[in-house]
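Chain letters run A, B, ... following the sequence lines, proteins first and then strands; every chain starts at 1.
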There are 2 protein chains.
Amino acid sequence: MENMNRTIHFLSRHKHNFLYGVSLAGLLFILKWLELRYLIFNNGIEIYIGSIALLFTALGIWLAIRLMKPKIKTVLVEKEVYISNTPFIRNEKELTRLGISKRELDVLQLMAKGFSNVEIAEHLFVSLNTVKTHASNLFMKLDAKRRTQAIEKAKQLGIVA
Amino acid sequence: MENMNRTIHFLSRHKHNFLYGVSLAGLLFILKWLELRYLIFNNGIEIYIGSIALLFTALGIWLAIRLMKPKIKTVLVEKEVYISNTPFIRNEKELTRLGISKRELDVLQLMAKGFSNVEIAEHLFVSLNTVKTHASNLFMKLDAKRRTQAIEKAKQLGIVA
DNA sequence: ATGAAATTCACCCGAAAGGATGAAGACCAT
DNA sequence: ATGGTCTTCATCCTTTCGGGTGAATTTCAT
């Protein structure tokens with residue numbers, strides 16, 4: 001059972017090579033027949049070679065078309081998400097997506113209320129430096145250059161009220 | 001002159017066909033030589049045919065790659081765009097009550113979007129000092145100590161979105 | 001138990017913000 | 001035309017913010 005699965009997997013992975021092998025075999029058979037026709041009865045070796053050339057050119061084209069990697073074109077589709085503004089519901093998805101921790105969220109919320117870093121430090125019972133570190137991390141995660149920008153983005157994303 | 005231009009144009013438009021023709025001629029010449037080698041001295045007709053097959057397969061692949069339009073695989077990526085469903089209506093009463101001027105409101109709005117004073121100055125075509133003056137006046141009128149506080153209060157009062 | 005993430009704190013330095021004050025030109029209404 | 005507001009800009013000075021870096025400790029899951 002395990003072996004069979006592996007075999008099938010192998011075949012599907014190398015199906016192009018496999019196809020090429022089979023095609024080649026078939027074509028060689030046809031060629032043998034043509035060889036008889038032309039070599040023996042007609043002696044038209046040039047025509048024979050021409051046929052082979054055309055045939056294998058076609059085969060090459062076919063192969064190339066089959067094997068060519070498609071170019072990948074990415075199209076952005078904007079999906080509108082309406083935010084109801086009546087009761088605030090935190091967008092937990094965005095929080096986890098951006099990797100914002102609890103403590104960082106604490107700082108962000110106080111920031112959005114208009115608190116200075118010193119005031120935030122006092123409210124959270126941590127040092128000013130700690131608040132600064134959280135703030136810096138927030139700016140990175142929110143891709144913001146200033147606290148005002150961070151607040152605006154956070155509000156847009158439904159992270160803070 | 002006109003004829004020559006037309007000829008050049010024709011050649012450039014059909015350069016792939018032209019290339020194919022030249023290649024074919026060249027290859028046939030090589031084949032003729034191979035024919036002698038193998039047919040007369042070696043009699044290995046199968047090897048000869050095999051060579052032709054491989055050669056023209058390669059030619060076909062090359063041709064296909066040159067001539068084919070690239071396959072395009074389109075990947076749709078949904079991007080969520082957050083939209084508020086309640087239109088913002090400015091509270092004009094509060095504006096007049098607080099005595100906030102047009103220019104000050106301009107500054108306040110850009111502030112709320114997360115712009116720095118320098119950026120605001122550039123957008124409004126005034127100097128940085130002017131923006132600072134407007135900001136200071138805003139902080140007085142809104143009874144705010146910081147821009148973040150001013151923004152929060154302004155949003156609460158319905159002065160900015 | 002070991003490595004990753006989170007939390008905490010420190011120091012240095014430059015950039016930005018904010019406070020105080022003065023002042024000039026434009027506009028508007030009485 | 002005169003006073004009041006608005007807008008503009010300036011200078012000086014202080015505070016706050018933010019970047020960069022390093023590091024100790026805790027927490028937590030594998």
Side-chain angles (χ1 to χ4, degrees), chain A residues 90-157 159-160, chain B residues 90-157 159-160:
Chain A
R90 171 153 296 109
N91 192 336
E92 301 289 346
K93 288 180 205 164
E94 287 297 330
L95 269 183
T96 53
R97 186 177 72 79
L98 296 172
I100 292 175
S101 66
K102 297 160 218 93
R103 216 51 174 162
E104 284 164 357
L105 179 59
D106 290 339
V107 171
L108 183 57
Q109 284 171 320
L110 294 176
M111 235 182 219
K113 284 186 181 175
F115 285 60
S116 72
N117 285 341
V118 172
E119 288 170 347
I120 293 172
E122 287 166 356
H123 275 74
L124 297 181
F125 301 103
V126 294
S127 80
L128 172 60
N129 288 310
T130 302
V131 175
K132 282 183 169 189
T133 303
H134 289 320
S136 277
N137 292 332
L138 277 169
F139 299 153
M140 277 198 309
K141 292 174 180 178
L142 285 167
D143 192 29
K145 288 174 184 165
R146 284 166 286 282
R147 54 174 47 214
T148 50
Q149 207 174 29
I151 292 166
E152 179 62 15
K153 288 200 176 188
K155 290 199 176 190
Q156 291 290 313
L157 295 172
I159 293 174
V160 295
Chain B
R90 172 155 296 107
N91 191 337
E92 302 287 349
K93 289 177 202 166
E94 286 296 330
L95 270 182
T96 53
R97 185 178 72 81
L98 295 173
I100 292 175
S101 66
K102 296 160 219 92
R103 216 50 174 161
E104 285 164 355
L105 179 58
D106 289 340
V107 172
L108 184 56
Q109 284 172 322
L110 294 176
M111 239 183 217
K113 283 186 182 174
F115 285 61
S116 71
N117 284 341
V118 172
E119 288 171 346
I120 294 172
E122 286 167 355
H123 275 74
L124 297 181
F125 301 104
V126 295
S127 79
L128 172 59
N129 290 310
T130 302
V131 175
K132 283 184 170 188
T133 303
H134 289 318
S136 278
N137 292 333
L138 277 170
F139 299 153
M140 276 197 311
K141 292 176 181 176
L142 285 166
D143 189 30
K145 289 175 184 167
R146 282 165 289 280
R147 56 173 44 214
T148 50
Q149 207 174 29
I151 292 165
E152 179 61 14
K153 288 201 177 189
K155 289 199 176 189
Q156 290 289 311
L157 294 173
I159 292 173
V160 294

Original post:
Using a cut-off of 4.0 Å on non-hydrogen atoms, how would the nucleic acid contact of Thr130(B) be classed: base, sugar-phosphate, or nothing?
Top reply: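 Base contact.
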
Original post:
Do Glu104(B) side-chain atoms and Ile100(B) backbone N/O form a donor-acceptor pair below 3.5 Å?
Top reply: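 Judged by distance alone, no pair lies under 3.5 Å.
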
Subject >> Minimum heavy-atom distance Ala112(A)-Glu152(B), with the two atoms named >> reply: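 Shortest heavy-atom separation between Ala112(A) and Glu152(B) comes out as O-OE1, 3.2 Å.
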
Would you kindly give the [atom1]-to-[atom2] distance between [X] and [N], to the nearest whole Å?
X	N	atom1	atom2	answer
Gln149(A)	dG18(D)	CD	P	11 Å
Asn137(B)	dT8(D)	CG	P	12 Å
Leu142(A)	dG18(D)	CG	P	12 Å
Met140(A)	dG19(D)	CE	P	9 Å
Asp106(B)	dT7(D)	CG	P	8 Å
Ile100(B)	dT7(D)	CD1	P	12 Å
Lys141(A)	dG19(D)	NZ	C1'	17 Å
Leu95(B)	dT5(D)	CG	C1'	16 Å

Contact under 4.0 Å: [X] side-chain N or O vs [N] OP1/OP2:
X	N	value
Ser101(A)	dT7(C)	yes
Ser127(B)	dA10(D)	yes
Asn129(A)	dC9(C)	no

**OP:** Any chance you could measure His134(A), atom NE2, to Lys141(A), atom NZ, to the nearest 0.5 Å?
**Re:**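 Spacing of NE2 (His134(A)) from NZ (Lys141(A)) equals 9.5 Å.
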
Original post:
Measuring from Ser101(B):OG to Asp106(B):CG, what's the distance to the nearest 0.5 Å?
Top reply: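 Answer for the OG-CG pair, Ser101(B) versus Asp106(B), is 8.0 Å.
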
Subject >> Base-contact (B) and sugar-phosphate-only (S) positions in nucleotides 16-30 of chain C, heavy-atom cut-off under 4.0 Å, - elsewhere >> reply: -BBS-----------

**OP:** Would you indicate which nucleotide in dA10(C), dT8(D), dT8(C) comes nearest to any side-chain atom of His134(B)?
**Re:**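 For His134(B), the side-chain atoms sit closest to dT8(D).
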
Original post:
Counting side-chain heavy atoms from C-beta on, which of dA10(C), dT7(C), dC9(D) comes nearest to Arg103(A)?
Top reply: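 The answer is dT7(C), which lies nearest to the side chain.
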
Original post:
Does a salt bridge link Glu119(B) with Lys113(B), judged by any charged N lying under 4.0 Å from a carboxylate O?
Top reply: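 Lys113(B) and Glu119(B): not salt-bridged.
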
Original post:
Can you check whether Leu110(B) reaches Leu124(B) side chain to side chain, under 4.5 Å on heavy atoms?
Top reply: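 They are in contact (side-chain heavy atoms under 4.5 Å apart), so the answer is yes.
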
**OP:** Identify the residue among Val107(A), Asn117(A), Leu108(A) that makes a side chain to side chain contact (heavy atoms under 4.5 Å, CB included) with Arg147(A).
**Re:**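 Between Arg147(A) and the candidates, side chain to side chain contact (heavy atoms under 4.5 Å, CB included) is satisfied uniquely by Asn117(A).
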
